[in-house]
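Below is one structure, written out as structure tokens; comments come after it.
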Amino acid sequence: MRVLEVRNLTSGYGETDILQEVSIQLHEKEIISIIGPNGAGKSTLLKTIFGILKPRQGFVRLQDEEITGLSPDRIVRKGMSYVPQVDNVFPSLTIQENLEMGAFVRTDDYRYRLREVYELFPILKERSTQKVGSLSGGQRQMVAMGRALMLDPKVLLLDEPSASLAPLLVEMIFEKIVDINKTGVAIVVVEQNARETLKISDRGYVLAMGQKVFEDTGKAILENEEVGKLYLGG
Amino acid sequence: MPELIVYGIVLGSIIALGAIGLTLVYGILRFANFAHGDLMTAGAYIALFLVTVLFPWLDIPDTTFGSLSFGWRMVLAFPIVMACVAIAAILFDRILYRPLRMKRSGPVILAMSALGASFIIRMIVLILWGADSLFYRPGVLRPAIELPHEIKIRPDQILILVTVLFLVALLYLFLKRTKMGKAMRATADNMELARVSGIDTEKVIIWTWGIGGALAAAGGVLYGIDVQLHPGMGWHFLLPLFAATILGGIGNMYGALIGALVMGVAQQVSTAYLLPTYKPAVAFMVMIIILLVRPQGIFGGGRA
């Protein structure tokens, strides 16, 4: 079943279109990756899906409900969460408070969800009263993902989760993404680290110059020599 | 000298009420509110209206508490004044600052509009009450309690300290324990992320102005009780307010509290060597020294 459908999306900053008529689909329980060179419009695509940028054309549907042009705080209530690439935590708040902020729009008793998120990231539970500003990059990334998961989202959008992490941590973060996915969350990952991402992805889309130039299963893209040479750096 | 230090702490605690509001607003909106001192003035004069005009008309008794210089009228007026100025601060934001923010006006435009707002408040006070110094309860000199080291302190001043401590403790609990308080700190940290987490940042902004306005009003009334009321009182507070805020690291609430106490003590102690008229100059000096030596403030900035 389709949980997210993006059709012919065009958007950008100011007068220029960065993204041109991009269409993607995400099915239940899938991980899909959006890869491509710098400046291809990957982050712009995520921001437009999440309503941070207003699309000029096209539509976004979440579980068959049109959400095109809604503001992020409305979209978050409909079951989609977003983790920005940078500045994705509240540094002066504790880990626990960061997670509580993720649950801000919830009115029910979300303690069970807090437990589940802590089960996913046990290290965060140990340090729950520590300020996030004092954590390492990998732990911050876990806080950022944990915050986004507090709403029990159907769809999770991750913008370059492995950026600026040490290689060992990159592997750990990708393992966590798979773990999150196993709990039933469909995930869209935007990544520079294309090969690692494709390994865990069901399907992938290659973006270049704001347009979708290729799509296939993760495995097929990895094996496609031409795509590898042109877009994945050899 | 010990006496001047005690008076400095009293003055500093009043400065703190203004400085905390200033730093909260700055932390969330990155906006230096030059009208903040005049919100203190507004609070002081609204209290004057209630205590000397409205409450007598309502036949609320004028008795005072023990050796304090005020009674039920002031106790009743205090929360009403805080609420009034909170609403005024929110209205200023909705009518004046928010449209400018939406237009993405630069910091200079916003600062000028705040300056304009401060003139508006001051002129309204001048029109309604004139330029003279006024008192909540004129003519009565209150006896002071003698403490060791020749410290004379009036009961009013002790109550001022208690009130400030109470308000600061209340704010601390609000920021640490309540959902809205945590959301305020989160928004000060990262407004963009607060928004994508589903936090209604406009609501947070309204709360911030409300709290800032209420605290400023409390500071104005307490200064009126301690010293006197004057249309320029809040304007003259602006310098120590900013100095305290910068000293503590702009955006840092605890820093603002400490910074305010330092400013209060520095200003009062200076009167042992300089004419009291130089008090603002002392505030200015301290501010310049901090900006030169440690511009990020003693405790670093940006964290409420």
Side-chain angles (χ1 to χ4, degrees), chain A residues 14 43 46-53 70-107 110 129 131-134 140 143-153 156-159, chain B residues 20 23-24 26-30 98 101-104 171-208 248-257 296-304:
Chain A
S43 294
L46 278 200
K47 284 182 183 163
T48 312
I49 293 173
F50 201 66
I52 297 169
L53 289 173
L70 288 187
S71 62
D73 60 305
R74 299 272 300 281
I75 289 177
V76 105
R77 283 162 217 259
K78 298 200 182 287
M80 180 153 69
S81 287
Y82 165 66
V83 180
Q85 181 186 347
V86 289
D87 294 331
N88 51 19
V89 290
F90 301 112
S92 79
L93 271 57
T94 65
I95 289 178
Q96 175 107 5
E97 286 170 340
N98 264 270
L99 298 180
E100 284 172 22
M101 286 302 107
F104 188 82
V105 302
R106 291 184 80 135
T107 48
Y110 57 79
T129 57
K131 279 192 182 169
V132 170
S134 66
R140 277 178 186 230
V143 173
M145 293 203 280
R147 193 213 89 243
L149 288 173
M150 285 302 294
L151 286 178
D152 268 317
L156 180 63
L157 308 177
L158 299 173
D159 195 352
Chain B
I20 289 170
T23 221
L24 285 178
Y26 184 86
I28 301 249
L29 294 172
R30 305 282 176 258
R98 184 167 182 269
R101 272 204 305 280
M102 292 294 136
K103 280 204 271 180
R104 300 190 181 281
L171 179 64
Y172 175 84
L173 286 177
F174 171 78
L175 289 173
K176 282 281 171 194
R177 294 287 156 81
T178 67
K179 195 172 169 183
M180 182 47 72
K182 287 175 191 174
M184 262 176 77
R185 284 157 56 219
T187 307
D189 257 14
N190 189 338
M191 188 177 290
E192 194 61 39
L193 187 64
R195 225 174 262 144
V196 305
S197 302
I199 295 172
D200 184 349
T201 48
E202 279 304 319
K203 205 164 146 191
V204 170
I205 290 169
I206 289 174
W207 271 88
T208 308
I250 196 153
N252 182 329
M253 177 193 137
Y254 312 113
L257 182 62
Q296 71 275 39
I298 293 174
F299 304 99
R303 306 282 166 255

* To do: Check each atom of I52(A) against the heavy atoms of chain B and say whether the ones under 4.5 Å are side chain, backbone, both or neither.
  =>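 Contact with chain B: side chain only.
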* Asked: Can you tell me if NZ on K179(B) sees more than 12 non-hydrogen neighbours from other groups inside 6.0 Å?
  ->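 Counting other residues, nucleotides and ligands, NZ of K179(B) exceeds 12 neighbours.
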* Should the heavy atoms of other residues, nucleotides or ligands under 6.0 Å from CZ of R74(A) be counted, would the total exceed 12? ->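 12 or below, so no.
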* Considering all heavy atoms, the nearest L93(A)-D189(B) contact ->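 The answer is N-OD2, 3.8 Å.
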* Can you name the nearest heavy-atom pair linking A183(B) to F104(A), along with the distance? ->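 Heavy atoms only, the tightest pair is CB-CE1, 3.5 Å.
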* Asked: Are the side chains of L193(B) and R147(A) in touch, meaning some heavy atoms are under 4.5 Å apart?
  ->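 When only atoms from C-beta onward are counted, R147(A) and L193(B) do touch, with a gap below 4.5 Å.
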* To do: For T48(A), enumerate each residue passing the side chain to side chain donor-acceptor pair (under 3.5 Å) test, keeping only those at least two apart in sequence or located in another chain.
  =>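 Applying side chain to side chain donor-acceptor pair (under 3.5 Å) to T48(A) gives S11(A).
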* Would you list the pairs meeting salt bridge (Lys or Arg N to Asp or Glu O under 4.0 Å) in which at least one residue belongs to residues 77-89 of chain A, sequence neighbours left out? =>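 Found E65(A)-K78(A).
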* K182(B) side chain to M101(A) main-chain N or O, any donor-acceptor pair under 3.5 Å? ->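 It does not hold such a pair.
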* Between the side chain of D73(A) and the main-chain N/O of D200(B), is any donor-acceptor distance below 3.5 Å? ->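 Absent.
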